[in-house]
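Chain letters run A, B, ... following the sequence lines, proteins first and then strands; every chain starts at 1. From a predicted model like this one, the values you see are computed outputs, not experimental measurements. Keep in mind that the numbers below use all heavy atoms, side chains included, and drop hydrogens, waters and symmetry copies.
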Amino acid sequence: MKAGRVALLLAAAAVLEFFVGRSPYRRFLPIDWFLLATAVVARSGDFVRAVLAGTAAGALEDALSMPLIGMNAFAKAILGYGLTLVAVRVVFGGSLAVGLALFVASIANEAIVALLSALLAQSPLVIVTKDALWRAAVTGLAGGALESAWEFPWREWWTRRRLRRLR
Amino acid sequence: MRPHSARVEVAAVNPRRGGAVLVTVLLVWVLVLSAQAPARGGRGTVLQAWFLSLSAPVMQAVGGVSRAVSRRIEATAALFDAREENVRLRRELDARERELFRLRAEALEDAEDRRLLGAGSGLPSVIGSVPILLVERRAGVQSVLVGAGSAEGVAPGSPLAVPAGLVGRVVTVGRGVSRAQLLLDASAAAGARIARTGELGVVRGDGHGTLVLNNIATTSTVARGDLVESAGIDGIYPRGVPIGRVSSVARGSKLFLEIRVTPSVDFSRLTDVLLLAPSPAIREGVEAGRSASR
């Protein structure tokens, strides 16, 4: 994936974060858009880009809403590497596998940030909360849906539809 | 355009090279985090304040579009249940009128009390209403971005509230956007008072969406349902703003009771909050900081 596309992806994640953040429906859609952007880059199988995209996405997230800049950047760099490893090495795929991988990644992100926060900001260790589980589930669902849309043979579907109409 | 190189492609998908980049990136962040941690003292960093200032126009613009879209959705949905809504609103209006009548009488009584006791200065002064742009709930961190900054008179430490109760305080101020820590944050605390018994304690967020009231002795008569309000002893929050109601009282293993408090504010439904004037102690600190930087 080209660097320009990665930058565009991160910008889109930030815009979506603001868009949902201002909406009154945000409690139903706490999707981790930055993690999704990292996963999209990781899907291409490029370790270096995935790590760099993950760390940039995390830094952006930290600058917006965390007390210390670098906690999400640290976590998402690891997740970028991990997700690429999954994309390259794991044979099975499909939307269910992607959704599950993102669910685990979101919980892992939460755990790493909680650990760093406890170590560096002396805040209590809070890892698995209802909010975290809900966010992980919704992020997993969104990732699965994106994967399905990605894999769907849109061109064939469109051609078949046109042919049906012509008949 | 650069010609496509197979060698570059192979190097990029090499996990070893990726691992080296990962280790470097992690080391850089460990250094950045270590540099921030000791100097932070509960406040946001300068870097964050700059970033918030720079991203404010984008945030405001996207927030405006998001608000317009959700209003449009609400307006369309409202068409379907306008009739029921009308009946409900009439009933509500009736109830409100009765409440207004009662409140007017109470307000007159209160004004008289205040005049007599000279306690007017204890009431929090509202600067204005500010929109919430983003909510973050991660690993015990519960924070929001609000659409007001130093240009609107926001200072670090300014309390935020809604009519139902206390919301939190501003920690990092940008030019048009600021970051605030919610009362539910695992590292947030506020001086609190049980309204019925007058006992003072410290309310802390537990990071799971509820609050814990500490430092109340086991001899206390606190009971389930008691109102907990801000005590005004922490130098941040004004006195007498509701925080929540006691949901459970348990005898702890030590000298103090274990009291859980359900917040009076529904934090999941916040869209706009009231910005209160910072306490005199904070104002003095900000002014001292400004004059020192000059």
> Examine whether an atom of B/T271 lies under 4.5 Å from a heavy atom of chain A, and if so say whether it belongs to the side chain, the backbone or both; otherwise answer neither.
both
> To the nearest 0.5 Å, how far apart are CZ in A/F74 and CG in B/L27?
8.5 Å
> How long is the span from the CD atom in B/E136 to the CG atom in A/N72, to the nearest 0.5 Å?
6.5 Å
> Would you call B/V62 and A/E17 a side-chain contact if the rule is heavy atoms closer than 4.5 Å?
no
> Can we say A/D32 and B/R138 salt-bridge, meaning some charged N sits less than 4.0 Å from an Asp/Glu carboxylate O?
yes
> Would you give the length of the straight line joining atom OG of A/S117 to atom CG of B/L33, rounded to the nearest 0.5 angstrom?
10.0 Å
> Just by distance, do the side chain of A/R135 and the backbone of B/R137 share a donor-acceptor pair under 3.5 Å?
yes
> Report the distance from atom CD of B/Q60 to atom CZ of A/F18, rounding to the nearest 0.5 Å.
10.0 Å
> When rounded to the nearest 0.5 angstrom, what distance separates OG1 in B/T172 from CG in A/L64?
11.5 Å
> Report the option among B/S70, B/G147, B/S187 that has the most heavy-atom pairs separated by less than 4.5 Å from atoms of chain A.
B/S70
> Distance from B/L184 atom CG to A/T129 atom OG1, nearest 0.5 Å?
11.5 Å
> Of the backbone (N, CA, C, O) and the side chain (C-beta and beyond), which part of B/V28 lies under 4.5 Å from a heavy atom of chain A, both, or neither?
neither
> Among B/V141, B/L270, B/L22, which residue forms the greatest number of heavy-atom pairs with chain A at distances under 4.5 Å?
B/L22
